[in-house]
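Have a look at the structure below, then the notes.
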Amino acid sequence: MTTDGSAAWDLLGDASRRSIVERLAAGESTVGELAAAMPITRPAVSQHLRVLKDAGIVRDRQVGRTNVYSLDAHRLAAYRRQLDDFWTTALGRLATTEVATDEEERGR
């Protein structure tokens, strides 16, 4: 996992993967259940799940002949920290820039 937050952006920058994560946040699902609620094919859902699973955000367990997917809250929290760090830094820079701009405008 990178420290600059790019891994989180790469994983969650895709709308389909964000949708899958949102749906799994509500509870476990199978590929078929996820695909039924999305405008993409079942193989596409499987491919996105594989990416999320490789990143450690999603895990699966076998129930009979079906895989049931869920979120790994611990690993997802690490990605959230990356995004939080990014936004804290970005918003801090923005606030500093706005203060400097305000001071320049008042000095005119």
> Excluding sequence neighbours, so at least two apart, what forms side-chain contact (heavy atoms from CB on, under 4.5 Å) with Thr41?
Replying inline: Pro43, Ala44
> Is the closest side-chain heavy-atom distance between Asn67 and Val31 below 4.5 Å?
Replying inline: no
>> List the residues meeting side-chain contact (heavy atoms from CB on, under 4.5 Å) with Ala15, not counting sequence neighbours, and say none if there are none.
In response: Arg18
> Which heavy-atom pair separates Arg75 from Ile57 by the least distance, and what is that distance?
Replying inline: CG-N, 4.1 Å
> Residues in salt bridge (charged side-chain N to carboxylate O under 4.0 Å, His left out) with Asp84, at least two apart?
Replying inline: Arg80
>> Under the salt bridge (Lys or Arg N to Asp or Glu O under 4.0 Å) definition, can you give me all pairs with a residue in residues 31-60, not counting sequence neighbours?
In response: Lys53-Asp60
>> Walk me through whether Val58 and Leu71 qualify under side chain to side chain contact (heavy atoms under 4.5 Å, CB included).
In response: CA-CA 5 Å; Val58 169; Leu71 292 178; 4.1 Å; yes
>> Going by the rule side-chain contact (heavy atoms from CB on, under 4.5 Å), which residues pair with Val68 if we only count those two or more places apart in sequence or in a different chain?
In response: Glu28, Thr30, Arg61, Val63
> Who passes side-chain contact (heavy atoms from CB on, under 4.5 Å) against Leu34, sequence neighbours left out?
Replying inline: Ile20, Arg23, Leu24, Ser29, Val45, Leu49
